[in-house]
Amino acid sequence: MQTKAKTVNDYLNEIPEERKTAFLKLRESILNAIPKGFEEQISYGMLGYVVPHSIYPNGYHCAPKLPLPFISIGSQKNFIVMHHLGIYANPKLLEWFTAEYPKHANHKLDMGKGCIRFKKMDQIPFELIAELAGKISVKEWIECYDTQIKNRKSK
């Protein structure tokens with residue numbers, strides 16, 4: 001879904017009715033669990049949960065004017081997507097998540113490197129997503145980012 005939304009509320013108003021309930025519940029699951037310090041905003045055309053420049057002035061290495069991304073959720077043409085950079089950068093977190101997923105869902109995990117696709121709105125494992133969102137503090141994410149992603153990209 002292409003968006004021109006500039007605010008979180010604008011984005012939420014664009015969500016198709018058939019996805020709105022699931023999307024709002026996913027957002028609420030993340031907001032209730034994500035550690036303090038992350039901020040919700042529009043990031044890369046989705047709802048983003050980022051480390052603001054006030055905490056990490058360097059910003060994202062790909063675009064330093066942007067804050068450091070952590071989690072993003074979006075409504076795409078055929079599914080709801082969640083990007084979790086912690087899963088991408090931290091093999092132990094990825095291992096935990098992929099082992100836990102079958103305990104919370106009765107369908108196969110549809111996932112790329114750090115991208116999780118939810119095609120059936122009634123089968124999103126909200127409790128697992130909340131647990132995942134709460135697993136990494138801002139400080140831990142910055143340390144992980146600096147050692148696993150930023151340094152690897154600069155080589």
Side-chain angles (χ1 to χ4, degrees), residues 1 3 8 11-12 19 22-155:
M1 178 174 105
T3 184
V8 170
Y11 190 88
L12 295 174
R19 289 193 191 154
F23 193 90
L24 291 174
K25 188 170 181 181
L26 179 62
R27 175 183 180 241
E28 181 181 335
S29 298
I30 292 168
L31 284 172
N32 288 338
I34 200 164
K36 289 184 182 189
F38 290 105
E39 289 183 3
E40 181 184 54
Q41 60 181 239
I42 298 297
S43 179
Y44 288 96
M46 296 179 276
L47 293 190
Y49 303 89
V50 302
V51 180
H53 283 105
S54 60
I55 295 174
Y56 191 73
N58 293 342
Y60 191 35
H61 71 277
C62 296
K65 290 183 180 181
L66 296 176
L68 177 61
F70 179 54
I71 298 174
S72 297
I73 58 173
S75 179
Q76 302 296 317
K77 183 177 179 181
N78 296 312
F79 49 85
I80 290 175
V81 66
M82 182 177 91
H83 297 275
H84 193 295
L85 284 145
I87 286 177
Y88 175 77
N90 183 332
K92 288 183 181 184
L93 186 62
L94 173 61
E95 184 179 315
W96 170 84
F97 182 75
T98 56
E100 285 297 310
Y101 194 87
K103 300 173 189 175
H104 297 266
N106 58 2
H107 60 283
K108 185 180 175 198
L109 176 60
D110 185 356
M111 183 174 172
K113 285 186 177 182
C115 166
I116 304 158
R117 293 171 286 276
F118 302 109
K119 293 179 180 166
K120 296 184 179 182
M121 303 303 107
D122 61 339
Q123 295 182 7
I124 297 173
F126 298 106
E127 290 179 13
L128 178 61
I129 298 305
E131 190 174 349
L132 175 63
K135 281 210 169 277
I136 300 177
S137 70
V138 168
K139 182 178 185 246
E140 291 166 330
W141 173 231
I142 291 169
E143 289 170 1
C144 179
Y145 172 76
D146 280 343
T147 58
Q148 297 297 319
I149 296 177
K150 185 178 173 190
N151 291 339
R152 179 176 31 189
K153 299 287 184 191
S154 63
K155 289 181 180 180

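- Aromatic ring pairs are classed by plane angle as parallel below 30°, tilted from 30° to 60° and perpendicular above 60°; the pair Tyr145 and Tyr56 is perpendicular.
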Please list every donor-acceptor pair under 3.5 Å in which a side-chain atom of residues 24-34 meets a protein atom from a residue at least two apart or in another chain.
unit_1 : atom_1 : unit_2 : atom_2 : d
Arg27  : NE     : Glu40  : OE2    : 2.7
Arg27  : NH2    : Glu40  : OE1    : 2.8
Ser29  : OG     : Lys25  : O      : 2.8
Asn32  : ND2    : Glu28  : O      : 3.3

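- By the side chain to side chain contact (heavy atoms under 4.5 Å, CB included) test, Ala99 is found to be paired with no residue, residues two or more places apart in sequence or in another chain being considered.
- Residue Val81 comes nearest to His83 through the heavy atom pair CG2-NE2, 3.7 Å, listed as atom of the first residue, atom of the second, then distance.
- Scanning for side chain to side chain donor-acceptor pair (under 3.5 Å) contacts around Lys103 gives Glu100, with sequence neighbours left out.
- To the nearest 0.5 Å, the span separating CD1 on Ile87 from CD on Glu95 amounts to 12.5 Å.
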Evaluate the criterion side chain to side chain contact (heavy atoms under 4.5 Å, CB included) for residue pair Leu68 and Val50; output intermediate values, then yes/no. CA-CA 5 Å; Leu68 177 61; Val50 302; 6.0 Å; no

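- The line from CD1 of Ile80 to NZ of Lys120 is 14.5 Å long, rounded to the nearest 0.5 Å.
- Taken from CG in Leu47 to CD1 in Ile73, the straight-line distance is 5.0 Å, to the nearest 0.5 Å.
- His61 contributes no side-chain N or O that, together with a main-chain N or O of Asp146, makes up a donor-acceptor pair within less than 3.5 Å.
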Check the pair Leu93 / Trp96 against side chain to side chain contact (heavy atoms under 4.5 Å, CB included), numbers first and verdict last. CA-CA 5 Å; Leu93 186 62; Trp96 170 84; 4.1 Å; yes

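- Not counting sequence neighbours, the partners of Glu140 by the side chain to side chain contact (heavy atoms under 4.5 Å, CB included) test are Ile136, Ser137.
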Per-pair distances, 0.1 Å, donor-acceptor, side chain in residues 105-115, under 3.5 Å, sequence neighbours excluded:
unit_1 : atom_1 : unit_2 : atom_2 : d
His107 : ND1    : Gln123 : OE1    : 2.9
His107 : NE2    : Tyr101 : OH     : 2.9
Asp110 : OD1    : Arg117 : NE     : 2.9
Asp110 : OD1    : Arg117 : NH2    : 3.0
Asp110 : OD2    : Lys119 : NZ     : 3.2

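- When all heavy atoms are compared, the tightest approach of His53 to Pro67 is CE1-N, 3.4 Å.
- Nearest heavy atom pair, residue Ser43 against residue Gly48, reads CB-CA, 3.9 Å.
- Atom CG of residue Leu66 and atom OH of residue Tyr60 lie 9.5 Å apart, to the nearest 0.5 angstrom.
- Nearest heavy-atom pair across Ser75 and Phe23 is N-CE1, 3.9 Å.
- A ring-ring contact (aromatic ring centres under 6.0 Å, His included) with Phe70 holds for exactly one of Tyr49, Tyr88, Trp141; it is Trp141.
- Pro52 meets the side chain to side chain contact (heavy atoms under 4.5 Å, CB included) test with Glu39, Ser54, Ile55; sequence neighbours excluded.
- Tyr44 and Ala63 get closest at one heavy-atom pair: OH-CB, 4.2 Å.
- Between His84 and Phe97, the distance separating the two ring centers is not shorter than 6.0 angstrom.
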